[in-house]
Chemist: 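Can you read through this structure? Questions will come right after.
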Number of protein chains: 2
Amino acid sequence: MARSTHVRRPATLASLAAELGVSRTTVSNAYNRPDQLSPELRRRVLETARRLGYPGPDPVARSLRTRKAGAVGLLLTENLSYAFRDPAALGFLEGLALACEGAGQGLHLVPVNPEREDVAAVHRAGVDGFVVYSVPDDDPHLAAVLSRPVPTVVADQPHVEGVDRVGIDDRGAITALAQRLISLGHRRVGVLCMRLARDRNDGFVTTDRAEHATFHVQRARLAGLTDAFGAAGVDWGRVPVVERFDHSVASGASAAAQLLDADPHVTALICTSDILALGALAEARRRGLRVPQDLTVTGFDGIADADRVGLTTVRQPVLEKGRAAGKLLLASVDPTRPREITLNTELVPGATAAPPRTAEERWFGP
Amino acid sequence: MARSTHVRRPATLASLAAELGVSRTTVSNAYNRPDQLSPELRRRVLETARRLGYPGPDPVARSLRTRKAGAVGLLLTENLSYAFRDPAALGFLEGLALACEGAGQGLHLVPVNPEREDVAAVHRAGVDGFVVYSVPDDDPHLAAVLSRPVPTVVADQPHVEGVDRVGIDDRGAITALAQRLISLGHRRVGVLCMRLARDRNDGFVTTDRAEHATFHVQRARLAGLTDAFGAAGVDWGRVPVVERFDHSVASGASAAAQLLDADPHVTALICTSDILALGALAEARRRGLRVPQDLTVTGFDGIADADRVGLTTVRQPVLEKGRAAGKLLLASVDPTRPREITLNTELVPGATAAPPRTAEERWFGP
DNA sequence: AATTGGTTCTGAACCGTTACGGTCAATCCA
DNA sequence: TGGATTGACCGTAACGGTTCAGAACCAATT
């Protein structure tokens with residue numbers, strides 16, 4: 001071990017330069033601009049670096065100087081691990097990862113605790129830009145992101161004036177789905193929706209709450225239903241809407257139970273997500289209700305499991321959405337880029353929607 | 001817009017201090033150590049910051065000075081998006097994310113292209129440490145990570161002397177599974193395994209290749225099988241082993257087909273992952289082979305889909321593994337921490353393993 | 001009156017790098 | 001031959017903060 005030159009502190013570019021008797025610039029160039037020095041000197045630099053255990057320019061110092069971090073920040077207000085549970089979020093994440101990977105950018109998952117209002121993590125993230133996904137319009141973390149002098153792209157959820165955005169036409173898409181149910185004959189329906197605002201409200205939703213939901217996507221989907229059923233002459237004020245804070249199959253089941261208990265005569269359960277719809281299907285099965293003969297159930301998103309069970313739903317290109325968000329962000333330097341991207345959705349007929357049973361059928365069977 | 005003080009460059013801590021007529025230290029303290037200045041002055045600082053649009057201390061500059069990035073790097077040699085596809089990787093990721101979240105650390109996904117040897121991304125990542133998952137022992141990215149002066153934890157895959165590690169007893173676990181098959185009476189078996197080294201080799205595996213596999217986990221699992229079947233008097237050199245580069249259900253199916261074509265008399269297909277096993281099941285179904293009556297199939301990992309189809313497999317705690325890796329890394333300052341964590345596995349009996357049919361049964365039915 | 005202690009704020013060093021605008025000698029060209 | 005060009009390298013000034021050892025001030029204590 002006599003070889004070790006008691007390196008108290010690890011070598012830096014400066015110490016390496018000193019050792020070599022060249023300027024720091026030259027060492028820097030050896031790493032970053034090989035054409036700026038002779039091959040021979042460069043070889044010497046790199047060799048000495050190896051000998052001294054110099055790992056190459058410090059990324060943080062470099063970032064400070066170049067004003068580039070080489071990473072994209074991702075903000076989602078749910079617990080980080082939520083993103084790994086929800087198939088739609090996962091698809092988005094995958095698409096975003098693909099875009100980053102393609103551009104050689106890292107993906108920095110910002111750790112935020114949805115319960116606390118600790119915004120520090122947003123300020124601490126060394127990133128060149130942010131993608132914000134699935135947070136309410138009034139989220140303090142979102143505000144923190146926007147306060148930072150880096151480009152930001154919002155996906156779906158928060159609707160912010162003047163900020164680049166990628167999403168779908170939630171309102172129009174669910175309107176089309178609703179019109180289908182209407183043409184099948186459904187008039188007495190119930191709705192299961194996700195969290196509408198930051199506060200927990202597991203239960204029925206007032207018209208006011210629905211209209212002022214801070215989760216933009218949910219608000220838009222409810223509005224789309226209002227559009228369609230309002231036009232069909234259904235008094236929307238009487239349509240039961242049940243909200244769940246947690247987004248899970250179990251939540252969907254319990255919400256369906258709550259709604260069916262309160263109004264056993266609904267002929268269709270419209271869910272604002274496939275996950276909730278899967279829960280509704282489970283609850284229907286539990287009650288011995290056949291789908292779609294006794295009850296129509298619809299979802300939204302088009303996740304793999306929905307496909308598997310033949311759910312009537314709206315498919316949206318989640319992976320493409322993530323990729324688009326990434327590309328949009330990474331193209332921020334280009335002033336001619338689109339400022340907003342709306343992706344297409346597709347109505348999936350599925351097998352969980354059918355005409356409602358008539359009163360006679362209810363009593364005497366089909 | 002007369003109010004705007006033509007801010008060419010965004011405000012910095014220094015410009016803010018100048019505006020206020022205080023020192024930079026004081027402004028810094030206003031953000032980081034509120035107890036170091038009078039509440040009144042602090043209020044003024046923060047107010048002026050808001051007015052000037054100063055977003056708070058620059059994270060990169062802060063990182064340079066404090067030598068903390070507040071983020072953990074994750075290296076996996078697969079395409080980044082692979083991690084979002086493979087259930088086992090996903091579980092690991094979720095556990096790791098949980099650990100990071102709990103510690104307020106970001107999770108920085110390092111973008112590496114498995115095809116190219118571009119190590120730059122590793123050098124560019126501003127992180128306090130690395131978790132390395134599922135890369136071969138001789139991966140250049142791994143070497144790059146180790147050259148950086150930050151703590152590193154390896155999960156499962158690369159086996160590196162002197163580096164902290166979390167994993168399972170792959171060899172022992174699969175030995176137990178094999179012994180079960182042996183006691184059921186299986187002697188003529190085939191093996192389906194994942195990528196053994198960085199080069200693509202879709203097909204049969206020589207003994208030499210198996211023994212020198214650079215993917216440590218695969219090597220260990222194959223070795224475990226050798227242990228068990230060797231002890232049972234089976235000539236391992238004659239056991240067909242088929243390798244697949246891509247890890248997917250389709251790969252599993254094609255590997256199973258290749259193996260069954262070459263040796264229709266095997267009574268069991270032992271797969272080194274559940275994903276491959278699911279493919280093997282699909283191929284068996286395609287051929288009209290009943291599982292387990294006509295063919296035994298086993299997996300490894302214990303993913304959700306395996307559970308769903310009742311696969312005989314080994315369950316490993318993937319989420320816990322990710323969490324353990326994170327915790328181990330974040331505890332690097334503690335010299336008394338464990339240097340290696342081995343988690344427990346569990347044999348899942350499942351319903352895809354049964355005694356092999358005898359020759360008579362083969363001809364005359366059960 | 002001198003000492004002590006506490007609060008509030010400052011000056012200067014430092015973190016490790018890259019951008020910018022040079023210098024200087026060697027080479028090229030007509 | 002002399003002016004322009006090129007290649008190789010260097011010095012300085014940031015980049016935007018944090019930190020630590022004091023300075024200045026004031027009130028309380030000895």
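In the text below, chain A, chain B and the rest are named by the order of the sequence lines, each starting its count at 1.
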Chemist: Measure the distance from CZ on B:R148 to C1' on C:dG16 and round it to the nearest whole Å.
Modeler: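 Going from B:R148 (CZ) to C:dG16 (C1'), I get 13 Å.
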
Chemist: Given D:dC9, is OP1 or OP2 found less than 4.0 Å from the side-chain N or O atoms of A:T26?
Modeler: no

Chemist: Excluding sequence neighbours, so at least two apart, what forms side chain to side chain donor-acceptor pair (under 3.5 Å) with B:D139?
Modeler: B:T77, B:H141

Chemist: Among residues at least two apart in sequence or on other chains, which ones pass side chain to side chain donor-acceptor pair (under 3.5 Å) with B:S28?
Modeler: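 Counting only residues at least two positions away or on another chain, B:S28 forms a side chain to side chain donor-acceptor pair (under 3.5 Å) with B:N32.
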
Chemist: Would you please name every residue forming a side chain to side chain donor-acceptor pair (under 3.5 Å) with B:R198, sequence neighbours left out?
Modeler: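 If we apply the side chain to side chain donor-acceptor pair (under 3.5 Å) test to B:R198, skipping adjacent residues, the hits are B:E117.
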
Chemist: Check the distance between D:dT18's P and A:R124's CZ and give it to me in whole angstrom.
Modeler: 12 Å

Chemist: Rounded to whole Å, how long is the line connecting atom CG of B:L41 with atom C1' of C:dT10?
Modeler: 12 Å

Chemist: To the nearest 10°, let me know how far the axis at one end of the helix from C:dA1-D:dT30 to C:dA30-D:dT1 is tilted from the axis at the other, five pairs an end.
Modeler: 40°

Chemist: Consider the side chain of B:D58, meaning its heavy atoms from C-beta on, and name the nucleotide among C:dT17, D:dG16, C:dA12 that approaches it most closely.
Modeler: D:dG16

Chemist: Determine: side-chain N/O of A:T12 to OP1/OP2 of C:dG16, distance under 4.0 Å, yes or no.
Modeler: no

Chemist: Rounded to whole angstrom units, what separation is found between the CG atom of B:L20 and the P atom of C:dT8?
Modeler: 17 Å

Chemist: Which residues satisfy the side chain to side chain donor-acceptor pair (under 3.5 Å) test with A:R50, sequence neighbours excluded?
Modeler: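 A:R50 satisfies side chain to side chain donor-acceptor pair (under 3.5 Å) with no residue once adjacent residues are dropped.
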
Chemist: Which residues pass the side-chain contact (heavy atoms from CB on, under 4.5 Å) test with A:A97, not counting sequence neighbours?
Modeler: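 Listed in chain order: A:L107, B:L80, B:F84.
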
Chemist: May I have the list of side-chain donor-acceptor pairs in residues 124-136 of chain A shorter than 3.5 Å, sequence neighbours left out?
Modeler:
residue	atom	partner	partner atom	Å
A:D128	OD1	A:A69	N	2.6
A:D128	OD2	A:A69	N	3.1
A:D128	OD2	A:G70	N	2.7

Chemist: Looking only at non-hydrogen atoms, find the nearest pair between B:S147 and A:P55 and report the distance.
Modeler: O-CB, 3.2 Å

Chemist: My understanding is that only residues two or more places apart in sequence, or in another chain, count here; which of them pass salt bridge (Lys or Arg N to Asp or Glu O under 4.0 Å) with B:R323?
Modeler: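 For B:R323 the salt bridge (Lys or Arg N to Asp or Glu O under 4.0 Å) partners, ignoring immediate neighbours, are B:E320.
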
Chemist: Would you mind checking if B:R43 and B:E40 are paired as a salt bridge, meaning a charged N to carboxylate O distance below 4.0 Å?
Modeler: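 Between B:R43 and B:E40 there is a salt bridge, with a charged N closer than 4.0 Å to a carboxylate O.
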
Chemist: Suppose we screen for side-chain contact (heavy atoms from CB on, under 4.5 Å). Which residues come up paired with A:T12, at least two apart in sequence or across chains?
Modeler: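 A:A14, A:S15.
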
Chemist: Nearest whole angstrom, please: distance from the P of D:dC9 to the CZ of A:R42.
Modeler: 13 Å

Chemist: Using a heavy-atom distance cut-off of less than 4.0 Å, which residues of residues 27-39 of chain A contact DNA chain C?
Modeler: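 Residues of residues 27-39 of chain A that come under 4.0 Å of DNA chain C are, in numerical order, A:S28, A:N32, A:R33.
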
Chemist: Ignoring hydrogens and angles, does a donor from either the side chain of B:R24 or the base of D:dG17 sit under 3.5 Å from an acceptor on the other?
Modeler: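 Side chain to base: pair found, below 3.5 Å.
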
Chemist: Quick test of your reading: applying side-chain hydrogen bond (donor to acceptor under 3.5 Å, both in side chains), list the pairs with at least one residue in residues 64-75 of chain B, sequence neighbours left out, ordered by first then second residue.
Modeler: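 Residue pairs passing side-chain hydrogen bond (donor to acceptor under 3.5 Å, both in side chains), neighbours aside: none found.
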
Chemist: Take atom CG of A:L16 and atom C1' of C:dT17, then tell me their distance rounded to the nearest Å.
Modeler: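 Rounding to the nearest Å, CG of A:L16 and C1' of C:dT17 are 13 Å apart.
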
Chemist: What residues in residues 59-72 of chain B put a non-hydrogen atom under 4.0 Å from any atom of DNA chain C?
Modeler: B:L64, B:R65, B:R67

